[in-house]
Amino acid sequence: MYGSQAEVIAITGVKPEDLECADQAALETLIGGWLEDAKALIDAETRRDFDAEVAAGTIPEVPRGVKHVAVRLVANMVAVSLQRRRSPVVQMGQFEIQISGDDVFTPALRRDLAPFKKRSRIGLYLVGQPDEETL
């Protein structure tokens, strides 16, 4: 798991009653599940498993930037959950309404993960005789 329940709670200010949790332990369990979901999304996006790399000794620790993205991603999950509980409909203008969005893995989060993505080592080379026109 990248990040911690305490970090998500600190950044969102969410309380157990906000998400209809019985107590703080239930809230932390819910957020812990979302952190596991965030880990899976991050691993798929970067094509890496940072926890496995730490366990194998390939890297000393999960990069702080990856943890930060996980916490922000779960904070977005909290925000969407709160919005849906309050009202799934958002008033856009005087007559226009829209269902609240559920895009929690935003382009900004994907951009922040770009430096951590596993790069392909496949190169393409053209093999053959050059055309006379290119000489």
Side-chain angles (χ1 to χ4, degrees):
M1 175 164 55
Y2 310 142
S4 70
Q5 293 97 325
E7 289 173 302
V8 173
I9 291 168
I11 198 171
T12 61
V14 69
K15 296 174 180 56
E17 58 271 12
D18 297 335
L19 294 175
E20 299 172 11
C21 293
D23 55 19
Q24 189 68 21
L27 176 63
E28 290 176 9
T29 299
L30 175 65
I31 291 173
W34 286 343
L35 282 166
E36 289 297 329
D37 295 342
K39 178 191 182 310
L41 290 169
I42 290 169
D43 289 352
E45 179 72 17
T46 60
R47 296 184 302 277
R48 295 175 70 177
D49 183 336
F50 295 96
D51 283 342
E53 290 181 31
V54 170
T58 310
I59 58 175
E61 63 182 18
V62 175
R64 186 68 197 144
V66 171
K67 292 178 182 179
H68 183 67
V69 168
V71 169
R72 289 170 43 213
L73 178 53
V74 175
N76 290 349
M77 291 176 183
V78 170
V80 166
S81 182
L82 289 172
Q83 177 61 38
R84 289 224 171 127
R85 279 170 170 51
R86 291 186 182 126
S87 172
V89 177
V90 177
Q91 184 80 29
M92 300 300 291
Q94 185 175 358
F95 300 107
E96 180 183 7
I97 61 170
Q98 147 182 358
I99 302 296
S100 64
D102 64 352
D103 184 18
V104 294
F105 204 174
T106 63
L109 293 176
R110 292 178 193 274
R111 245 187 340 267
D112 290 348
L113 282 176
F116 304 103
K117 284 185 177 181
K118 187 176 224 170
R119 304 287 183 228
S120 174
R121 294 185 182 206
I122 297 174
L124 298 177
Y125 301 94
L126 180 61
V127 179
Q129 299 294 324
D131 293 337
E132 288 184 23
E133 294 176 4
T134 61
L135 292 175

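Side chains included, hydrogens not; waters and symmetry mates left out as well; all remaining heavy atoms used.
Among Val14, Ile9, Val104, the one residue that satisfies the side-chain contact (heavy atoms from CB on, under 4.5 Å) test with Val78 is Val14.
Atom-to-atom distance recorded for Asn76:CG and Phe105:CZ is 10.5 Å, nearest 0.5 angstrom. To the nearest 0.5 angstrom, Leu30 atom CG is 10.0 Å from Gln5 atom CD. Residue Thr46 holds its OG1 atom at 10.5 Å from CG of Leu41, rounded to the nearest 0.5 Å. Remark: Asp18 CG to Thr12 OG1 distance equals 8.5 Å, nearest 0.5 Å.
Under the salt bridge (charged side-chain N to carboxylate O under 4.0 Å, His left out) criterion, Lys15 pairs with no residue, sequence neighbours left out. Partners of Ser4 by side-chain hydrogen bond (donor to acceptor under 3.5 Å, both in side chains), not counting sequence neighbours, listed by chain and number: Glu7. In this structure Arg47 satisfies the side-chain hydrogen bond (donor to acceptor under 3.5 Å, both in side chains) test with no other residue, sequence neighbours excluded. For Ala26, the side-chain contact (heavy atoms from CB on, under 4.5 Å) partners are Cys21, Asp23, not counting sequence neighbours. Listed by chain and number, the residues in a side-chain hydrogen bond (donor to acceptor under 3.5 Å, both in side chains) with Asp112 are Arg72 (sequence neighbours excluded). Considering only residues two or more places apart in sequence or on other chains, Asp43 meets the salt bridge (charged side-chain N to carboxylate O under 4.0 Å, His left out) condition with Lys39. With sequence neighbours excluded, no residue satisfies ring pair (Phe, Tyr, Trp, His ring centres under 6.0 Å) with Phe116. Judged as a salt bridge (charged side-chain N to carboxylate O under 4.0 Å, His left out), and not counting sequence neighbours, Glu28 has no contacts. Remark: Arg111 engages no residue in a salt bridge (charged side-chain N to carboxylate O under 4.0 Å, His left out) (not counting sequence neighbours).
The nearest pair of heavy atoms linking Val8 to Ala75 is CG1-N, 4.5 Å.
Within the structure, the ring pair (Phe, Tyr, Trp, His ring centres under 6.0 Å) test picks out the following pairs touching residues 47-81 (sequence neighbours left out): Tyr2-Phe50. Listed by first then second residue, pairs satisfying ring pair (Phe, Tyr, Trp, His ring centres under 6.0 Å) with a partner in residues 20-46 number zero, not counting sequence neighbours.
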Indicate every side-chain donor-acceptor pair of residues 53-63 with a distance under 3.5 Å to a residue at least two apart or in another chain.
unit_1	atom_1	unit_2	atom_2	d
Glu53	OE1	Arg48	NH2	2.7
Glu53	OE2	Arg48	NE	2.9

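Ser81 places no side-chain N or O within 3.5 Å of a backbone atom of Met77 that could act as its donor or acceptor partner.
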